[in-house]
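Both counts, for ligands and for their atoms, begin at 1 and track the order of listing.
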Amino acid sequence: MDKVVVGAAIVDGNGRLLAAQRADPPELAGGWEFPGGKVDPGEDDHTALIRECKEELGVLVAVRQQVGGDWPLAGGYVLRVWLAEIVEGEPEAREHLDLRWLAGHELYDVPWLPADLPIVRAVQGR
Ligand code: DCM
């Protein structure tokens, strides 16, 4: 399986979830997602997730439980999401337009990408 995108459901000590606003491509720009990205050939999922969080947010994360299994994406990709905690650094939007920490009552205050929305519900349930 070489069409895997990994995403991080980063939760802070107050139970808030980190959402990231996409900058590109134009059809997805402005939508909100779990930070992450494509797994490189030969790379394992956890390594890719840690790498992407470093590149996109400038933070080191510890990967916790997986949220569901393979969530479908366009183009034959699947999205795999893990709960994660920041162990080093403060997140900054290095590749996104914006970042927001969403409390439980704010989870749907941003327009999530359609692919990510059911995963937000799954995260909420935990
Ligand atoms: N994608 C998504 N939700 C995410 C991460 C990615 O829907 N949390 C989608 C957007 C792109 C594709 O996966 O169509 C590849 O993502 P990227 O461009 O970030 O590698």
Within a reach of under 6.0 Å around CD of Glu90, are more than 12 heavy atoms found that belong to other residues, nucleotides or ligands?
->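 Result for CD/Glu90: open.
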Per-atom contacts of ligand 1 with [X], taking only distances under 4.0 Å to non-hydrogen atoms:
X	answer
Leu28	10 (C), 11 (C), 14 (O)
Ala115	7 (O)
Leu113	2 (C), 7 (O)

Check each of Lys3, Arg22, Lys38, Glu56 against atom 19 (O) of ligand 1 and report the one with the nearest heavy atom.
->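 Nearest heavy atom to atom 19 (O) of ligand 1 lies in Arg22.
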Could you check Trp71, Trp82, Trp112 and say which one makes a ring-ring contact (aromatic ring centres under 6.0 Å, His included) with Phe34?
->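 Filter result, single survivor: Trp112.
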Which residues share a salt bridge (charged side-chain N to carboxylate O under 4.0 Å, His left out) with Asp116, sequence neighbours left out |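 So Asp116 forms no salt bridge (charged side-chain N to carboxylate O under 4.0 Å, His left out) with any residue.
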So, Lys3 side chain and Gly75 main chain: donor-acceptor pair closer than 3.5 Å or not?
->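 Indeed, once roles are kept as given, a pair shorter than 3.5 Å links the two residues.
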When you measure from the side chain of Gln65 to the backbone N and O of Leu83, does any donor-acceptor pair fall under 3.5 Å?
->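 Between the backbone of Leu83 and the side chain of Gln65 there is no qualifying donor-acceptor contact (under 3.5 Å).
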Does ligand 1 have any atom sitting under 4.0 Å from a heavy atom of Tyr77?
->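 Tyr77: no contact with ligand 1 (<4.0 Å).
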Do me a favour and list the nearest non-hydrogen protein atom to [atom] with residue, atom name and distance?
atom	result
atom 3 (N) of ligand 1	Asp116 OD1, 2.7 Å
atom 5 (C) of ligand 1	Glu33 OE1, 3.2 Å
atom 13 (O) of ligand 1	Leu73 CD1, 3.4 Å

Pick one: which of Val5, Val39, Val4 meets side chain to side chain contact (heavy atoms under 4.5 Å, CB included) with Arg80?
->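 Among Val5, Val39, Val4, the one meeting side chain to side chain contact (heavy atoms under 4.5 Å, CB included) with Arg80 is Val4.
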